[in-house]
*Asks:* 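Handing you a structure now.
Basis for what follows: all heavy atoms, side chains included, without hydrogens, waters or symmetry-related copies. Fair warning: this is a prediction, and the values are worked out from it, not measured in the lab.
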Number of protein chains: 2
Amino acid sequence: MDTTLDPGLGLRIRRTESLTSLIRRELERMIEVGELKAGDRLNENALAAKLGVSRGPVREACRGLEQSGLVHVIVNRGVFVREISNREAAELYDIRAALYALAGRLLASKITKKQVTELRRMVREMEEAADKGELNVFYPLNVRFHEAIVQFSGNGRLLSMCTSVHREMHLFRRRTLDMPGRMKISNAEHASIVDALEAKHGDRAARLMEDHVLKSRELLFGPLGTPAD
Amino acid sequence: MDTTLDPGLGLRIRRTESLTSLIRRELERMIEVGELKAGDRLNENALAAKLGVSRGPVREACRGLEQSGLVHVIVNRGVFVREISNREAAELYDIRAALYALAGRLLASKITKKQVTELRRMVREMEEAADKGELNVFYPLNVRFHEAIVQFSGNGRLLSMCTSVHREMHLFRRRTLDMPGRMKISNAEHASIVDALEAKHGDRAARLMEDHVLKSRELLFGPLGTPAD
DNA sequence: CTGCAAAAGATTGTTGACAATAAACAATGA
DNA sequence: TCATTGTTTATTGTCAACAATCTTTTGCAG
C-alpha cells in the first residue's frame with residue numbers, strides 16, 4: 001500500500017499548507033484511529049519514508065504533538081504516543097467537567113432557536129440509537145452533541161481546549177463500560193441539558209453539564225476521588 | 001553582546017536536554033519579558049545566529065510555541081508573536097475563572113495545615129505591599145499565590161493548562177488598571193478564599209475563585225458580556 | 001551456560017545547502 | 001504622478017549528510 005502524502009497533488013497543496021501541518025494531522029488521525037497505540041514509538045525514518053517526506057517536517061510535527069499532550073519525547077530515545085494513567089484520566093475528567101460547565105453557562109445566555117432545534121434533533125437521533133442498542137451509532141452522535149454545545153458557546157479558545165482534552169482522553173485504554181441502560185440514562189441527561197439551555201438557565205445548564213461528565217467519571221473510577229494510578 | 005546559548009556548557013547540557021527545548025524556553029522568556037512583542041516576527045536566521053545554533057531546532061521550538069498559542073504561523077511568511085484581541089482576552093478570562101474554580105474545589109477537599117500557613121503568609125506579605133502601594137511587589141506575589149492554589153490542587157494537567165492560559169494572557173496589551181485601592185480589595189478576596197479552603201468548603205472556595213477572576217475581567221471590559229473586539 | 005565488554009547497527013540530534021515562495025525595489029507605460 | 005510589471009533580494013520550506021547517542025549483537029572469559 002502506498003500511503004504517501006499525495007505527491008501528485010502536492011504542488012497545489014504545498015502553497016497553502018506546510019508539510020508539517022499535514023503530517024501532524026495525519027499523525028493525529030493515526031492515533032485517533034488506533035493505528036498508533038499508546039506507548040508506541042514514532043520512528044522518524046520510518047514515518048518519513050512512509051509519508052514520502054524527509055525527517056525535518058516529521059520532527060516539527062512531533063514537537064507540536066508533544067505540546068498538545070498526545071506524545072511525549074525522551075531525549076535521544078524518541079517520541080512515544082502518550083499513555084494515560086488512571087490518575088491522569090481522572091484529572092482530565094475533572095477538567096472536562098469544568099470546561100463543559102462553562103460552555104453550558106455561556107451558551108445558555110445566547111442560544112438561538114435554531115441551535116435548540118439542532119440539539120433536539122441530535123437528542124432524538126440518539127434516542128433511536130439507544131432504543132435499538134446501537135452503540136456505534138450513539139457514540140459519534142454523543143461526541144457531536146457535546147462538540148456542538150461547546151462550539152455554540154462562542155468561545156473559540158474553549159473549543160480548541162475541549163478538542164485537545166478530548167483527544168487526550170482517547171488515549172485512555174478503558175472504554176466506558178457500555179452498560180445496557182447506560183445510553184438511555186445518558187440521553188435523558190442530554191434532554192435535561194437542552195431544556196436548561198432553551199430556558200436560558202445558565203446555572204442549571206452548567207450544573208447539568210458538570211454532573212453529566214462527572215457521572216461518566218464515576219462509572220469508570222467509582223464515586224470517590226482520584227484513583228492511585 | 002553575545003547571547004549564545006552557553007556553548008561552553010552546551011556539551012554537558014546537551015546530554016539531558018535538546019536544543020529545541022532550551023530554545024523554546026528562551027523564546028518563552030523573551031516573550032514573557034517583552035523582548036519580543038505581540039505582532040513581532042521571529043526571523044529564523046537571525047534567531048539561529050543569535051543563539052549560536054542552526055535553524056532546525058529554532059523551527060522545532062516554534063512549532064511547540066504555536067501549539068501552546070504563543071505564536072501563530074503563516075505559511076511562507078513566518079511565525080509571529082500572537083496578538084490577543086479584547087475578545088480573545090475576555091474568552092481567556094472566562095476559561096481561567098472556570099479552571100481556578102476547579103482548583104479551589106479540588107484543593108478545599110485536601111488542603112493541609114502547612115499549605116494553609118503558606119497561603120496565609122503570602123496574603124500577609126501582599127497586605128504589606130498593598131499598604132505601601134508597591135505594585136511591583138504585590139504583582140509577583142499575586143501570581144505565586146494563584147499558582148500555589150492550582151499546584152496544591154494536585155491536578156497536574158490543570159496546572160499546565162493554567163500556566164499556558166496565564167502565558168497567553170500576558171500577550172494582552174492592556175494591563176489591569178492599577179486603581180489605587182485595587183490591591184487591598186483583591187487581597188481581601190484572597191483572604192476569603194483561604195478561609196473557605198481552610199474550612200474545606202469546596203463550593204464556596206470554587207465560587208470565590210471564580211468571582212475573583214471575573215472581577216478582574218469586569219475591570220477591563222465592563223460588567224456586560226464579551227467585547228466586540 | 002552465564003555474565004560482561006566491546007564492537008556493530010540503528011536511531012535521534014544537528015547542521016548546512018538547495019528549492020520555493022514572498023517582499024522590496026526598479027523600470028516602464030499611461 | 002501613479003499604477004503595473006519584471007527583477008532582485010530576503011526568508012521560509014525541505015532535504016540529505018554528518019555527529020552523538022542509544023540498543024543490540026557478538027565475542028570472550030569464567
*Asks:* Find the distance A:R55:CZ to C:dT12:P and express it as a whole number of Å.
*Replies:* 7 Å

*Asks:* Taking only residues two or more places apart in sequence or in another chain, which ones pass side-chain hydrogen bond (donor to acceptor under 3.5 Å, both in side chains) with A:R157?
*Replies:* A:S160, B:E168

*Asks:* Return the value, rounded to whole Å, for the distance between atom CG of A:L42 and atom P of C:dA10.
*Replies:*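 Spelled out: CG on A:L42 to P on C:dA10 is 20 Å.
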
*Asks:* Please tabulate, one pair per line, each protein N/O and nucleotide N/O from nucleotides 6-9 of chain D that are separated by under 3.5 Å, including the distance.
*Replies:*
none

*Asks:* Starting from C1' on D:dA19, measure out to CG on A:N76 and report it in whole angstrom.
*Replies:* 11 Å

*Asks:* Think A:N43 has a side-chain N or O under 4.0 angstrom from the OP1 or OP2 of C:dA10?
*Replies:*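 No, A:N43 has no side-chain N/O under 4.0 Å of OP1/OP2 on C:dA10.
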
*Asks:* What residue pairs, at least two apart or across chains, pass side-chain hydrogen bond (donor to acceptor under 3.5 Å, both in side chains) with a residue in residues 66-75 of chain A?
*Replies:*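 For residues 66-75 of chain A: A:Q67-B:R24.
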
*Asks:* Can you name the side-chain hydrogen bond (donor to acceptor under 3.5 Å, both in side chains) partners of A:K110, sequence neighbours left out?
*Replies:* none

*Asks:* Which residues satisfy the side-chain hydrogen bond (donor to acceptor under 3.5 Å, both in side chains) test with B:E32, sequence neighbours excluded?
*Replies:*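 Partners of B:E32 under the side-chain hydrogen bond (donor to acceptor under 3.5 Å, both in side chains) test: none.
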
*Asks:* When you get a sec, tell me which of D:dA16, C:dT14, D:dT12 is the closest nucleotide to the side chain of A:S54?
*Replies:* D:dA16

*Asks:* Quick one: do A:E118 and A:R121 make a salt bridge, cutoff under 4.0 Å?
*Replies:*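 Salt bridge present between A:E118 and A:R121.
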
*Asks:* Report the distance from atom CD of B:E17 to atom P of C:dG13, rounded to the nearest whole Å.
*Replies:* 12 Å

*Asks:* Which residues pass the ring pair (Phe, Tyr, Trp, His ring centres under 6.0 Å) test with B:Y100, not counting sequence neighbours?
*Replies:* B:H146

*Asks:* Name each donor-acceptor pair under 3.5 Å that joins a side chain in residues 37-44 of chain B to protein atoms two or more places apart or in another chain, with its distance.
*Replies:*
unit_1 : atom_1 : unit_2 : atom_2 : d
B:D40  : OD2    : B:K37  : N      : 2.8
B:N43  : OD1    : B:N45  : N      : 3.0
B:N43  : OD1    : B:A46  : N      : 3.1
B:E44  : OE1    : B:R55  : NE     : 3.1
B:E44  : OE1    : B:R55  : NH2    : 3.0
B:E44  : OE1    : B:R59  : NH1    : 3.4
B:E44  : OE2    : B:R59  : NH1    : 3.0

*Asks:* Taking for each residue the nucleotide of DNA chain D with the nearest heavy atom, is it A:P57 or A:R77 whose nucleotide lies nearer the 5' end?
*Replies:*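 Between the two, 5'-proximity favours A:P57.
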
*Asks:* Is there side-chain contact between A:S186 and A:H212, with heavy atoms separated by less than 4.5 Å?
*Replies:*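 The answer is yes, as the side chains (C-beta and beyond) meet within the 4.5 Å cut-off.
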
*Asks:* Please state how far atom CG in B:N45 lies from atom P in D:dG13, giving the value in whole angstrom units.
*Replies:*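 So the two atoms are 11 Å apart, to the nearest Å.
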
*Asks:* Starting at CG of B:L22 and ending at C1' of C:dT14, how long is that distance when rounded to a whole Å?
*Replies:* 13 Å

*Asks:* For B:I23 and C:dT14, what is the distance between atoms CD1 and P respectively, to the nearest whole Å?
*Replies:* 8 Å

*Asks:* Is A:G56 touching bases, backbone alone, or none of the nucleic acid, heavy atoms closer than 4.0 Å?
*Replies:*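 If one applies the 4.0 Å heavy-atom cut-off, A:G56 turns out to touch nothing in the nucleic acid.
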
*Asks:* Atom CD of A:E44 and atom P of D:dA16: how far apart are they, to the nearest Å?
*Replies:* 15 Å

*Asks:* Near DNA chain D, which residues from residues 59-66 of chain A have a heavy atom under 4.0 Å away?
*Replies:*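 The stretch gives none, as no residue of it lies under 4.0 Å from the strand.
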
*Asks:* Residues in ring pair (Phe, Tyr, Trp, His ring centres under 6.0 Å) with B:F145, at least two apart?
*Replies:* B:H190

